[in-house]
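By convention here, the first residue in the shown sequence is residue 1. First listed ligand is number 1; within each ligand, the first listed atom is number 1.
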Amino acid sequence: MTLRLPPNAGGIAEACRILAAGGLVAFPTETVYGLGADATRAEAAARIYAAKGRPSFNPLIAHLADREAAEREGIFDSNARRLADHFWPGPLTLVVPVRSGGSVSELSRAGLASVGLRVPSHPVAQALLKAFGKPVAAPSANRSGRISPTEAAHVLADLDGAIDAIIEAGASEVGLESTIVGCADGKAYLLRPGFITRAAIAEVIGAPVIVADAAHDATAPQSPGRLMSHYAPESPVRLNATRILPGEALLAFGPDLPEGSETASIVHNLSPDGNLTEAAMNLYSFLRFLDKLRPSTIAMRKFQNLASVKR
Ligand code: TXA
Ligand code: MG
């Protein structure tokens, strides 16, 4: 049975009790819903891996209430400090070397010498982290490889019965995961693109951001999370579709529909005006919606001229 908790003081107190007992609590963040567990206890991290069906070589992000708590877990160089100053609390994860004496369990870090740290801005996440007082490991609250959840109902669709509780609040505002930046040896690496752009990061640190390709750059921090299949609906998905085939479900973007759209079984538009922020917010929930209709294929329109798109 998954307990459904309200996003108020009582719900947060109950969530803390469950976390303290080593249990799993899903909670809202501004990016997507996270599946939280006490990051300092290996057996709690083990439960996350089991509930998600996630390979345990894929490390978890530790969530903290503030910058001070984060600096107790990792070593920040000047880039990391600048980025934390500028983007925290908010949708940025920093991967930095582990500080000796840090409390995040080795299993939560998947045995790496680095740790992923994030200070979320969502008021419910903030309240939970403050009340719990310890780092909370939280991957996105979906089964491994599936679409990330931006609403409480998405979490329950994947994990009802498999987790102890969920704090139910509204839809996540950003709708895409945090941008992950690795800071090591005075360099900054983009480990996962997200809502905060590479250009915005480069501007804050005053230096280019290296796009990490672990296969070609032995000095780049490892990012085991970039598995071949990610965020996958059950229906086949066709990307960069320029021509829609009869019966396909079309996930459109912007005012111009691709050729053949009139033969689609359904058209859902991420943002009819071509607003990228609105599209990000809608992406996962629209994918889930179309997937439920079990179309032959979900065709996604080619995102052209991204540079000219509104944010
Ligand atoms: O927005 C988000 O970041 C959400 C919310 C819940 O905060 N969380 C999230 O977690 O997306 P998850 O587990 O779905 O993705 C975490 C990513 C994985 O790709 C993992 O490999 C990477 O972070 N990661 C975590 N620690 C790392 C480390 N020490 N080195 C390299 N990559 C790391
Ligand atoms: Mg995920």
Asp185 side, atom CG; Asp77 side, atom CG - distance, nearest 0.5 Å: 8.5 Å
Do His154 and Tyr33 have their ring centres less than 6.0 Å from each other? no
Heavy atoms, side chains only, cut-off 4.5 Å: are Asn282 and Glu278 in contact? yes
Please work out, at 4.0 Å between heavy atoms, whether the side chain, the backbone, both, or neither of Val115 comes within that distance of ligand 1. backbone
Contact summary for Ile196 and Phe87, nearest pair of heavy atoms: CD1-CD2, 3.5 Å
Taking both backbone and side-chain atoms of Ser114, is any N or O found less than 3.5 Å from an N or O belonging to ligand 1? yes
Below 3.5 angstrom, do we get any N/O pair linking Tyr33 and ligand 1? no
Of all heavy-atom pairs between Leu293 and Ile266, which one has the smallest distance, and what is that distance? CD1-CD1, 3.7 Å
If we number the atoms of ligand 1 from 1 as shown, the ones under 4.0 Å from a heavy atom of Ser178 are 1 (O), 2 (C), 3 (O)
With a 4.0 Å cut-off on heavy atoms, does Arg109 reach ligand 1? no
With sequence neighbours excluded, residues passing salt bridge (Lys or Arg N to Asp or Glu O under 4.0 Å) with Glu173: none
Apply the test salt bridge (Lys or Arg N to Asp or Glu O under 4.0 Å) to residues Asp85 and Arg67: give CA-CA distance (whole Å), side-chain angles for both, the deciding distance (0.1 Å), then the verdict. CA-CA 8 Å; Asp85 278 344; Arg67 166 81 178 275; 2.6 Å; yes
So for ligand 1, is Thr31 a polar contact partner (N or O within less than 3.5 Å, distance only)? yes
State whether the number of non-hydrogen atoms from other residues, nucleotides or ligands found under 6.0 Å of Glu203 atom CD is greater than 12. no
With a cut-off of 2.8 Å, does Asn142 place any N/O/S atom under that distance from the Mg ion (ligand 2)? no
Nearest non-hydrogen contact to atom 18 (C) of ligand 1 from the set Leu35, Asn58, Thr179 belongs to Asn58
Heteroatom distance test (Arg54, ligand 1): nitrogen or oxygen, under 3.5 angstrom: yes
Out of all atoms in ligand 1, which are within 4.0 Å of some heavy atom of Glu177? Include the element for each. 1 (O), 11 (O)
Show which atoms of ligand 1 fall inside a sub-4.0 Å distance from at least one heavy-atom site of Pro59. 20 (C), 21 (O), 24 (N), 25 (C), 26 (N), 27 (C), 28 (C), 33 (C)
Rounding to 0.5 Å, atoms CG (Asp38) and OG (Ser105) come to a distance of 8.0 Å
Considering the heavy atoms of His63, write down every atom of ligand 1 situated less than 4.0 Å from one of them. 5 (C), 6 (C), 7 (O)
Is there a path of hydrophobic side-chain contacts, each under 4.5 Å between heavy atoms, that joins Val155 and Leu24? yes
Count I, L, V, M, F, W, Y as connected when their side-chain heavy atoms are under 4.5 Å apart, and connections chain through other members. Are Val124 and Val32 then in the same cluster? no
So, 4.0 Å and heavy atoms of Pro120: is ligand 1 close enough to count as a contact? no
Out of Val136, Leu191, Ile180, whose heavy atom sits nearest atom 17 (C) of ligand 1? Ile180
Numbered atoms of ligand 1 (with element) below 4.0 Å of Gly34, judged on heavy atoms: 6 (C)
Under the salt bridge (Lys or Arg N to Asp or Glu O under 4.0 Å) rule, collect the residues that match up with Arg82, sequence neighbours excluded. none
Using a 4.0 Å cutoff against the non-hydrogen atoms of Val95, which atoms of ligand 1 qualify? 27 (C), 28 (C), 29 (N), 30 (N)
Going by the order shown, which atoms of ligand 1 are within less than 4.0 Å of some heavy atom of Leu112? 28 (C), 29 (N), 30 (N)
Out of Lys52, Arg118, Arg192, the nearest non-hydrogen contact to atom 11 (O) of ligand 1 is supplied by Arg192
Looking at Ala138, which atoms of ligand 1 are within less than 4.0 Å of one of its heavy atoms? 6 (C), 8 (N), 10 (O)
